[in-house]
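Take a look at the structure set out below.
First listed ligand is number 1; within each ligand, the first listed atom is number 1. Residue numbers run from 1 in the order of the sequence given.
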Amino acid sequence: MELWVLGANGTYPTAGRPTAGYLVSHGDTRVWIDAGSGTFGALLELIDPIDLDAVIVSHMHVDHCADLFPLYHYLRFGPGRRPPLPLIVPGGATERLSAFLDSGGGSHLTEAFAPRTPQPDEVIDVGGIAFRFGPSDHPVPTLQVRAETGGRSLAYSADTGTGSDLARLAAGANTLLAEATFSGHDKPAPHHLTATEAGEIASRAGVERLILTHLLPTLDPQQAIAEAAAVFSGDVMVAAPNLEVLI
Ligand SMILES: [Zn+2]
């Protein structure tokens with residue numbers, strides 16, 4: 001299984017650096033996880049979106065869902081035709097997307113997407129990758145994600161405070177992709193993690209590798225790595241566009 005980072009900025013994009021977006025692939029299977037601002041263009045550098053097998057959007061904050069809309073237009077009006085693309089979203093997202101996309105005459109959401117919300121403990125198979133989900137600690141419904149195939153596993157925190165059960169969802173995973181919006185002791189918003197908190201969760205989960213993501217663009221990545229590494233003994237790295245990792 002491979003992880004491609006399309007974008008990893010927390011909250012807002014900067015030049016050449018989209019917000020959250022990741023492509024997970026295994027064999028011919030391709031799953032786009034989070035569609036932050038700028039990630040659709042980054043995705044086009046890698047694949048034809050027609051070849052996606054599913055899209056997972058962790059939550060409906062714009063730094064995670066904004067580029068669903070260019071994908072929607074691509075699927076409706078671009079070249080190539082295929083059945084609606086599976087779209088895995090948290091509760092309430094389908095209604096919000098439908099309302100936004102109703103440009104007069106009703107919503108055409110389901111012409112492009114087949115939306116669904118996973119039930120608690122449900123396992124959704126996408127082309128041989130088994131996806132499990134857990135609730136995040138965030139102000140809107142938010143899905144944390146665990147992907148497994150061939151004995152390898154990747155867990156993704158989405159946006160979260162320390163109040164979720166991420167350590168359980170990520171237990172024993174090869175890689176934990178965890179948000180680290182803040183650094184040091186400065187934590188102005190409770191529903192996010194510091195790099196130290198991400199490291200502590202990685203340590204409790206017993207993962208091999210921690211990839212920090214969703215750093216505020218003003219942070220120093222090396223400082224974030226040092227803070228996480230002080231409490232977690234495995235590999236620590238910071239996500240950045242075009243980073244490719246074998247899980
Ligand atoms: Zn975010």
Can you find a pair of side-chain heavy atoms, one from T194 and one from E227, that are under 4.5 Å apart? no
Considering only N, O or S atoms of D159, the one closest to the Zn ion (ligand 1): OD2
Under a 4.5 Å cut-off applied to non-hydrogen side-chain atoms, are L215 and F182 in contact? no
Would D63 count as a contact for the Zn ion (ligand 1), in the sense that one of its N, O or S atoms lies under 2.8 Å from it? yes
Non-neighbouring partners of H73 that pass side-chain hydrogen bond (donor to acceptor under 3.5 Å, both in side chains), sequence neighbours left out: none
Between H64 atom NE2 and H214 atom NE2, the angle centred on the Zn ion (ligand 1) rounds (to 10°) to 100°
Could you walk me through whether F40 and F69 pass the ring-ring contact (aromatic ring centres under 6.0 Å, His included) check? CA-CA 9 Å; F40 183 69; F69 301 110; over 10 Å; no
